[in-house]
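None of these values were measured; they are calculated from a predicted model.
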Amino acid sequence: AYDRYVAICNPLHYGTLLGSRACAHMAAAAWGSGFLHAVLHTANTFSLPLCQGNALDQFFCEIPQILKLSCSDSYLREVGLIVVGVCLDFGCFVFIVVSYVQIFRAVLRIPSEQGRHKALSTCLPHLAVVSLFLSTGIFAYLNPPSISSPVLNLVVSFLYSVVPPAVNPLIYSMRNQELRDALWKLAQWKLFH
């Protein structure tokens, strides 16, 4: 979101604000927070005694499923990891929201409709990908236990782990007019032939 913020709100300073040093710092922060989160979950998982076997009804080792196999009381560990995860996720979410508030304020000040459309079209793919990822992730982890089932958990974990990365290139490439034309022709051919 920061690159879109700079591109729309400070376009003349884009090269200086988003130089290689700034990109390296943002990448290091993203990788560092992801690594910290992964290390905490891995350390917690390997310290749990498993008394119900080690087979999961998932296609990857998801934390809630591993906790179900544990025979120890993992409530405090789970709460601690949830707090760290929520803090990391909330920080990213606030950063994205603040960036987009600034972007929309700047876009509303653009006098021409064509300029507003162009500025918003740079933001929509990112918003679509973030919304898809957040909505499936929220549903996966915050669904009530009353509607939870092993099959639903498997489908939802597949949705949030595979679908957003798979459609990410498609969503970002929809700004390309040639690709849109090709998809439109394909859709018409499939519907009418």
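- When all heavy atoms of I110 and A119 are compared, the pair lying nearest together is CD1-CB, 4.0 Å.
- Neither V86 nor V98 shares a network with the other; the hydrophobic side chains, linked directly or stepwise wherever heavy atoms of I, L, V, M, F, W or Y lie under 4.5 Å apart, form separate groups for each.
- No donor-acceptor pair under 3.5 Å is formed between the side chain of S131 and the backbone N or O of A128.
- Atom CD1 of I103 is separated from atom CG of L120 by 9.5 Å, given to the nearest 0.5 angstrom.
- Enclosure of atom CZ in F93 is not indicated, since only 12 or fewer non-hydrogen atoms of other residues, nucleotides or ligands lie within 6.0 angstrom.
- D89 CG to H37 NE2: the interatomic distance, rounded to the nearest 0.5 Å, is 6.0 Å.
- Atom CZ of F95 is separated from atom CZ of F90 by 14.5 Å, given to the nearest 0.5 angstrom.
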